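First listed ligand is number 1; within each ligand, the first listed atom is number 1. Here the structure is a predicted model, which is why all the values come from computation and not from measurement.
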Amino acid sequence: MPKIQNLQQRDSAHIWHPLTQHKLHPYAHPIVKAKGVVLYDENGKEYIDAVSSWYTAMYGHCNDFIVRRAHRQMQQLDQIIFSGFTHEPAVELSEKLMTILPKNQAKLMFNDNGSTATEIGIKMALQYHHNKGNKRKTLLAFENGFHGDTLGAMSVSGLSVYNGPFEEFFIDVERIPVPNGENEAEILQKIEDFHIENPLAGFIYEPLVQGAAGMKMYKAERLEPILKKCQKLGIITIADEVMTGFGKTGSFFASDHIKTKPDVMCLSKALTAGLVPMGITTCTQEIFDAFYDDDIGKGLFHAHTYSANPIACATAIAGIELLQSEEIQQNIIKIEGWHREFALEINEHPKVQSTRQQGVIFALELNIAMERYGDLRYEIFNFCMNEGVFLRPLGETIYILAPFITTKAQMDKIYGVIKKVLERF
Ligand SMILES: *Cc1c(COP(=O)(O)O)cnc(C)c1O
């Protein structure tokens, strides 16, 4: 740990950090500035942000184009209640999203973050059946998924280190393993059995890449029969694309790689390009129609104060414009190629158990036994920070999810640090 700074001491006086056991890790790293792919601390030391600040700042930090759009919007209309009011940025964003989302998506509800996006997805599935007079109160989820930290989202997540103390308060959930090429028949049987016992309302899943589980990946064609089975049984399919959305998997959304489209989609993180928080839950016309009624009680009575904040919407529009640009699309292809080459270079290293890649998401499994949240993880994090690269290992997984604007030289620096980790740990 470097010398304790003044800001760290002031921070620790009052601030309770997310995902932190303060007794074990009392000090946070102060960052004073960010530009492009680089973070700067109080002493002017530079760090390459190899995880895009939790997969948000995909076009780089303080991107001039996005900042200009946010600034322009700030001077025009800052905030307005979205219940009973509307505005151009929200409407334009809805139109823009519909041009890049799977064709079956028709309506969207604004919210604040990834957890609220999935929370609304869950509520849409539960109330859809309620409105139709069906008794379905159980959800289906993957064993090791992650869908956020609010109570509903936590219920369908599988990471016990986050949600253990709350288990007895969860909504009803049945869990299935991720399809691995050998267990598909067993999974389909399980779904049928669960459904007979407790009719399933919805199935929530992270398509192709499970972020918090350690960038675990599975094949599109293995998800296909599961989604088909769900849709046959009237189980609402909810794609949690909070992490996978907006270009990271090599297409606009991970669901683009899968033939069977979800009924509901949850978006956040890169949606607003790392500038301001926002989430969006989208759905098909059929879902919306189940709430459309003379009976006011059949509406989806869910709101967040900052729903569709105009500045967030303006930021999201700018982000999508960048994502669609020739430059970013070319960069995505380039980064995919660099990662493939890097994988070839390190695959045979004795400390590398395996590597995997989906789009610009690259992960390697270390051949070192260690516990999740073990010390080694923090040692590797600190080692990389000292070397000027921000990487955030998950268990024995080291992954790269750097901004789309990362240059070859910057990526080589990230690769170089990982190679040093392989030599040293
Ligand atoms: C991060 C994440 C969430 C939760 O989003 P927050 O904005 O942190 O609440 C939900 N689902 C997935 C797949 C995520 O990666």
A.B. asks: Counting each atom of ligand 1 from 1 as listed, which ones have a heavy atom of Ser115 under 4.0 Å away?
C.D. replies: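 Heavy-atom distances to Ser115 below 4.0 Å select 4 (C), 5 (O), 6 (P), 9 (O).
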
A.B. asks: Where does His147 meet ligand 1, judged by heavy-atom distances below 4.0 Å: at the side chain, the backbone, both, or neither?
C.D. replies: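 Only the backbone of His147 comes within reach of ligand 1.
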
A.B. asks: Could you tell me the separation between the OG1 atom of Thr116 and the CG atom of Asn113, rounded to the nearest 0.5 Å?
C.D. replies: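 Between atom OG1 of Thr116 and atom CG of Asn113 there are 3.5 Å.
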
A.B. asks: Going by the angle between their ring planes, with limits at 30° and 60°, are Tyr205 and Phe203 parallel, tilted or perpendicular?
C.D. replies: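 Plane angle under 30°, so parallel.
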
A.B. asks: Taking 4.0 angstrom as the limit and counting only heavy atoms of Glu206, give me the atoms of ligand 1 inside it, by number and element.
C.D. replies: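 Those qualifying, in numeric order: 13 (C).
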
A.B. asks: According to the interplanar angle, ranging from 0 to 90°, do the rings of Tyr378 and His25 count as parallel (below 30°), tilted (30 to 60°) or perpendicular (above 60°)?
C.D. replies: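 Aromatic pair Tyr378/His25 classed parallel.
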
A.B. asks: For atom 15 (O) of ligand 1, find the nearest protein heavy atom and state the residue, atom name and distance (0.1 Å precision).
C.D. replies: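 I find the closest protein heavy atom is Lys269 NZ, 2.7 Å.
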
A.B. asks: Please determine which of His257, Glu241, Gln357 meets the side-chain hydrogen bond (donor to acceptor under 3.5 Å, both in side chains) test together with Thr249.
C.D. replies: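 Exactly one candidate clears the test, His257.
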
A.B. asks: Please could you name the atoms of ligand 1 that Gly148 approaches to less than 4.0 Å, counting only its heavy atoms?
C.D. replies: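 What qualifies from ligand 1 is 4 (C), 10 (C).
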
A.B. asks: Does atom 6 (P) of ligand 1 have any protein heavy atom closer than 4.0 Å?
C.D. replies: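 There is a protein heavy atom less than 4.0 Å from atom 6 (P) of ligand 1.
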
A.B. asks: Can the ring centroids of Phe342 and Phe362 be said to lie less than 6.0 angstrom from one another?
C.D. replies: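 Ring centroids of Phe342 and Phe362 are less than 6.0 Å from each other.
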
A.B. asks: Run the numbers for me: atoms of ligand 1, each under 4.0 Å from some heavy atom of Gly114, listed by number.
C.D. replies: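 Taking each heavy atom of Gly114 in turn, ligand 1 has 4 (C), 5 (O), 6 (P), 7 (O), 9 (O) under 4.0 Å.
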
A.B. asks: Can you tell which part of Trp54 has a heavy atom less than 4.0 Å from ligand 1: side chain, backbone, both or neither?
C.D. replies: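 Looking at Trp54 and ligand 1, no heavy atom falls under 4.0 Å.
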
A.B. asks: What about the rings of Tyr218 and Phe142, do their centers lie closer together than 6.0 Å?
C.D. replies: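 For Tyr218 and Phe142, the ring centres are under 6.0 Å apart.
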
A.B. asks: Tell me the protein heavy atom at minimum distance from atom 12 (C) of ligand 1, and give that distance in Å.
C.D. replies: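 Atom 12 (C) of ligand 1 sits closest to the protein heavy atom Asp240 OD2, 3.4 Å.
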
A.B. asks: Assess whether side-chain contact (heavy atoms from CB on, under 4.5 Å) is satisfied between Tyr40 and Tyr47, documenting all intermediate values.
C.D. replies: CA-CA 6 Å; Tyr40 300 83; Tyr47 309 88; over 6 Å; no

